[in-house]
Trainee: 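Sharing a structure with you now.
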Amino acid sequence: MERISRGLEDVDIKWTRLTTIDGERGILRYAGYSVEDLISGGASAEEIQYLFLYGELPREGELRDFVSKVERGYRVPAHVTSAISNLPRSSDAVALQMGAFASLAASERFKWDKTTDRDVAASVIGNMLTITADVYRHVNGLPLVEPDPRGGYARTFLRAALGREPTDDESRAMNAALILYMDHEVPASTTAGLVVVSTLSDIYSGVTGALAALKGPLHGGAAEAAIAQFAEIGSEDAVERWFQENIVTGKRRLMGFGHRVYRTYDPRARIFKEFAERLAPRNPDALRYYRVALRLEELGIAHFGSKGIYPNTDFWSGIVYMSMGFPLKNNIYTALFALSRITGWLAHFIEYVEEQHRLIRPRAVYTGPGERKFVPISQRS
Ligand code: CMC
């Protein structure tokens, strides 16, 4: 039994040049650049998408070329749109993304090839923009809007999803959210996708597998679960009692708190919190949840801080999404998380398949009965 690493905790499954996390000091860097530096320096989501796929920040011409490849992906086959719109409006948003990617896996011919992998990845990043906007509009009963590629990935997405021109504040917040969620080394979703592509299955199936793992409440599902908790609490003055009854008693987990790697405040949560503070006053629900979250965070840190359990990125991101105009519905905040994370998934898939490929096939320690003789059902007592 001592051979087993439960939850693969502290097991290294690949090397990477993409992302490094210092969980003790709360540091997150993409290819050496801290997320704080990228956000305060005004990096665009598409520059960082390029950084993940090519290892360096792009020059202007390189970025233009990359963006045009992403934009080609905005056009998705009609059967992908149907895969979304044929499902009930009550469907989980991430499951709808999975359906769309599974239908791309069905129709697209893909073969791993160093000379084309990054071009395909760029178009998959484009596919994801249209798929996520379509998913959002479908679950909200709105007619689909074809993306109009003006003003960068964040602005194009908001325009296609919300069906209106986003404000500068909204675009800045969306751009930051895209960067903050873009990669996080090998969490459950990335690992699930790596298992898929380690069989040399196609890139669309890899994304489908990653989405399936992201959906759960212990991972990306927490983006929605955290704000659902704020909604359940309802108001600032109800926080203390709710916390006593549900968290101090150990009945429930505090969603948006705790992390397998961070033992301190998640650096992404700090930035999301700043955006939440700035944007929440635009939306009465977001403002109410912001106030609930502030008090809940205080109680949570006082209760859990000594155990190294602090707010993670999902604690604050939902309020930012809500302030931008996305209502809490059908796991859509987790689908927005996926819109960002797809770049990290693709970059890890490429790094793994191209440079360090080996079929991922672990073992299990058998603990069942020894050899037994089969008895036909009619003779079993
Ligand atoms: N609320 C209450 N107790 C907690 C929490 C929490 N949020 N997080 C950890 N604990 C406790 C847990 O009950 C356990 O206690 P004990 O040792 O007494 O049984 C101890 O801390 C260790 O928990 P664990 O689940 O074994 O630790 P882990 O390293 O697997 O935890 C986690 C990581 C994310 C699963 C966990 O912190 C959690 O469930 N958090 C809530 C869900 C959440 O916010 N997930 C988002 C993660 S970050 C972004 C992302 O990846 O999407």
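Every heavy atom of this structure was used, including side-chain atoms; hydrogens, water molecules and symmetry mates were not. None of the values given here were measured: they were computed from a predicted structure.
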Trainee: Is it true that a side-chain atom of Glu354 and a backbone atom of Glu351 form a donor plus acceptor pair closer than 3.5 Å?
Mentor: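 Not at all, since once roles are kept as given, no pair shorter than 3.5 Å links the two residues.
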Trainee: Going by the side-chain contact (heavy atoms from CB on, under 4.5 Å) test, name the single residue among Ile179, Thr343, Ile342, Leu63 that passes it with Gln49.
Mentor: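 For Gln49, the side-chain contact (heavy atoms from CB on, under 4.5 Å) test succeeds with only one of Ile179, Thr343, Ile342, Leu63, which is Thr343.
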Trainee: State the CE-CG distance between Met128 and Leu346, to the nearest 0.5 angstrom.
Mentor: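 It is 9.0 Å, given to the nearest 0.5 Å.
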Trainee: Which residue in the set Glu165, Glu146, Glu170 passes salt bridge (Lys or Arg N to Asp or Glu O under 4.0 Å) when paired with Arg159?
Mentor: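 Considering Glu165, Glu146, Glu170, a salt bridge (Lys or Arg N to Asp or Glu O under 4.0 Å) with Arg159 is found only for Glu165.
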Trainee: How about Glu232: does its CD atom have over 12 heavy atoms from other parts shown lying under 6.0 Å from it?
Mentor: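 Yes, the 6.0 Å shell around CD holds more than 12 heavy atoms from other groups.
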Trainee: Looking only at side-chain N and O atoms, does Ser68 offer a donor or acceptor that is under 3.5 Å from a partner on Glu71?
Mentor: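 No - no donor-acceptor pair under 3.5 Å links their side chains.
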Trainee: Ignoring hydrogens and geometry, is there a side-chain-to-backbone donor-acceptor pair from Glu224 to Tyr333 under 3.5 Å?
Mentor: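 Indeed, once roles are kept as given, a pair shorter than 3.5 Å links the two residues.
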Trainee: Using atom types as modelled and distance alone, determine if a side-chain donor or acceptor of Gln356 lies under 3.5 Å from a backbone N or O of Trp15.
Mentor: yes
Trainee: Indicate the ring-plane relationship of Tyr262 and His259, choosing parallel, tilted or perpendicular according to the 30° and 60° boundaries.
Mentor: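 Tilted, since the angle between the ring planes falls between 30° and 60°.
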Trainee: Heavy-atom count around Arg6 CZ within 6.0 Å, excluding the residue itself: above 12?
Mentor: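 At most 12 heavy atoms, drawn from other residues, nucleotides or ligands, come within 6.0 Å of this atom.
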Trainee: In terms of hydrophobic clustering (I, L, V, M, F, W, Y; side-chain heavy atoms under 4.5 Å; direct or indirect links), are Leu336 and Ile39 co-clustered?
Mentor: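 They do share one cluster, since a chain of ILVMFWY contacts under 4.5 Å joins Leu336 to Ile39.
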Trainee: Other residues, nucleotides and ligands only: do more than 12 of their heavy atoms fall within 6.0 Å of CZ on Arg282?
Mentor: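 Yes, the 6.0 Å shell around CZ holds more than 12 heavy atoms from other groups.
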Trainee: Do Val70 and Val120 share a hydrophobic cluster, counting only Ile, Leu, Val, Met, Phe, Trp and Tyr and linking them when any side-chain heavy atoms are less than 4.5 Å apart?
Mentor: yes
Trainee: So Met324 and Leu158, do their side chains get closer than 4.5 Å, heavy atoms only?
Mentor: yes
Trainee: To the nearest 0.5 Å, what is the distance between CG (Leu254) and CG (Leu296)?
Mentor: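 Going from the CG atom of Leu254 to the CG atom of Leu296 covers 5.0 Å.
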Trainee: Spell out, as yes or no, whether a donor-acceptor pair under 3.5 Å connects the side chain of Thr130 to the backbone of Tyr74.
Mentor: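 Such a contact is found between Thr130 side chain and Tyr74 backbone.
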Trainee: What distance do Lys329 atom NZ and Asn140 atom CG have between them, rounded to the nearest 0.5 Å?
Mentor: 5.0 Å
Trainee: Should Phe230 and Phe315 be marked as a ring-ring contact (aromatic ring centres under 6.0 Å, His included) after you check the CA-CA gap, both sets of side-chain angles, and the distance that decides it?
Mentor: CA-CA 10 Å; Phe230 307 155; Phe315 192 78; 5.1 Å; yes
Trainee: Does any N or O in the side chain of Asp92 come within less than 3.5 Å of the main-chain N or O of Val94, such that one atom is a donor and the other an acceptor?
Mentor: yes
Trainee: Would you name the heavy atoms of Ala83 and Gly99 that are closest together and state the gap between them?
Mentor: CB-O, 4.1 Å
Trainee: Could you walk me through whether Arg137 and Asp134 satisfy the salt bridge (Lys or Arg N to Asp or Glu O under 4.0 Å) test, starting with their C-alpha distance in whole Å, then the side-chain angles of each, then the deciding distance to 0.1 Å, before giving a yes or no?
Mentor: CA-CA 5 Å; Arg137 292 187 71 80; Asp134 288 355; over 6 Å; no
Trainee: Looking at Tyr290 versus Trp316, is the centre-to-centre ring distance below 6.0 Å?
Mentor: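 Between Tyr290 and Trp316, the centre distance is under 6.0 Å.
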Trainee: Establish, from distance only, whether the side-chain atoms of Thr116 and Asp119 form a donor-acceptor pair under 3.5 Å.
Mentor: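 No, no side-chain donor-acceptor pair sits under 3.5 Å.
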Trainee: Quick one: does any side-chain atom of Ser201 pair with a main-chain N or O of Val196 as donor and acceptor, under 3.5 Å?
Mentor: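 Absent.
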Trainee: Checking Glu185 against Thr20 for the side-chain hydrogen bond (donor to acceptor under 3.5 Å, both in side chains) test, could you report, in this order, the C-alpha distance in whole Å, the side-chain angles of both residues, the deciding distance, and whether it holds?
Mentor: CA-CA 7 Å; Glu185 203 217 56; Thr20 179; over 6 Å; no
Trainee: For the atom pair CE (Met255) and CD1 (Ile247), what is the distance rounded to the nearest 0.5 Å?
Mentor: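 Here the interatomic distance stands at 9.5 Å.
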Trainee: Restricting to side chain to side chain contact (heavy atoms under 4.5 Å, CB included), what partner residues turn up for Ile301, sequence neighbours left out?
Mentor: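 Partners of Ile301 by the side chain to side chain contact (heavy atoms under 4.5 Å, CB included) criterion, ordered by chain and then number, come out as Phe257, Tyr265, Glu297, Tyr310, Pro311.
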Trainee: Does the side chain of Thr167 pick up a donor-acceptor pair with the side chain of Asp169 at under 3.5 Å?
Mentor: no
Trainee: Between Ser189 and His219, does any side-chain donor sit less than 3.5 Å from a side-chain acceptor?
Mentor: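 There is such a pair between these side chains.
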Trainee: Does this structure show an ion pair linking Lys14 with Glu355, if we count only N-O contacts that are shorter than 4.0 Å?
Mentor: no
Trainee: Would the His348 and His184 ring centres measure less than 6.0 Å apart?
Mentor: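 Aromatic pair excluded; centres sit 6.0 Å or further apart.
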Trainee: Can a salt bridge be assigned to the pair Asp10 and Arg260 using a cut-off of 4.0 Å between side-chain N and carboxylate O?
Mentor: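 Looking at Asp10 and Arg260, the cut-off is not met.
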Trainee: Return yes if some donor-acceptor pair links the side-chain N/O of Thr191 with the main-chain N/O of Val186 below 3.5 Å, else return no.
Mentor: yes
Trainee: Just by distance, do the side chain of Ser91 and the backbone of Leu87 share a donor-acceptor pair under 3.5 Å?
Mentor: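 Absent.
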Trainee: Measure the CG-NZ distance between Asp117 and Lys111 for me, rounded to the nearest 0.5 Å.
Mentor: 10.5 Å
Trainee: When hydrophobic residues are tied together by side-chain contacts of less than 4.5 Å, even through go-betweens, does Ile309 share a cluster with Val248?
Mentor: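 As far as the 4.5 Å side-chain criterion goes, Val248 and Ile309 are connected within one cluster.
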Trainee: When you measure from the side chain of Gln229 to the backbone of Ala226, do you find a donor-acceptor pair of N or O atoms at a distance under 3.5 Å?
Mentor: no
Trainee: Would you find a donor on one side and an acceptor on the other, under 3.5 Å apart, between the side chain of Arg155 and the backbone of Ser171?
Mentor: no
Trainee: Just do the side-chain hydrogen bond (donor to acceptor under 3.5 Å, both in side chains) check on Thr19 and Asp183 with the steps written out, would you?
Mentor: CA-CA 7 Å; Thr19 289; Asp183 188 46; 2.6 Å; yes
Trainee: Would His357 and Phe349 count as a close aromatic pair, with their ring centres under 6.0 Å?
Mentor: no
Trainee: Given the side-chain rings of Phe272 and Tyr181, with only the six-membered ring counted for Trp, is the space between their centroids under 6.0 Å?
Mentor: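 Centroid distance Phe272-Tyr181: below 6.0 Å, so yes.
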Trainee: Spell out, yes or no, whether Leu218 and Ile21 are grouped together once hydrophobic residues are joined by side-chain heavy atoms under 4.5 Å, including indirect joins.
Mentor: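 Shared cluster, no.
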Trainee: Asp202 and Ser205: side-chain donor and acceptor closer than 3.5 Å?
Mentor: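 Result is yes, a qualifying pair exists.
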Trainee: Is the shortest distance from a Lys or Arg side-chain nitrogen in Glu274 or Arg270 to a carboxylate oxygen in the other one below 4.0 Å?
Mentor: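 Judged by the 4.0 Å cut-off on N to carboxylate O distance, Glu274 and Arg270 do not form a salt bridge.
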Trainee: Do other residues, nucleotides or ligands put more than 12 heavy atoms under 6.0 Å from Arg75 CZ?
Mentor: no
Trainee: Hydrophobic clustering (ILVMFWY, side-chain heavy atoms < 4.5 Å, transitive) - are Ile27 and Leu18 grouped together?
Mentor: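 No, no single cluster joins them.
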Trainee: Heavy-atom count check: over 12 atoms from other residues, nucleotides or ligands less than 6.0 Å from Asn86 CG?
Mentor: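 Counting neighbours around CG of Asn86, more than 12 heavy atoms of other residues, nucleotides or ligands fall under 6.0 Å, so yes.
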Trainee: Distance under 6.0 Å and angle within 45° of the ring axis: does Arg341 meet both against Phe337?
Mentor: no
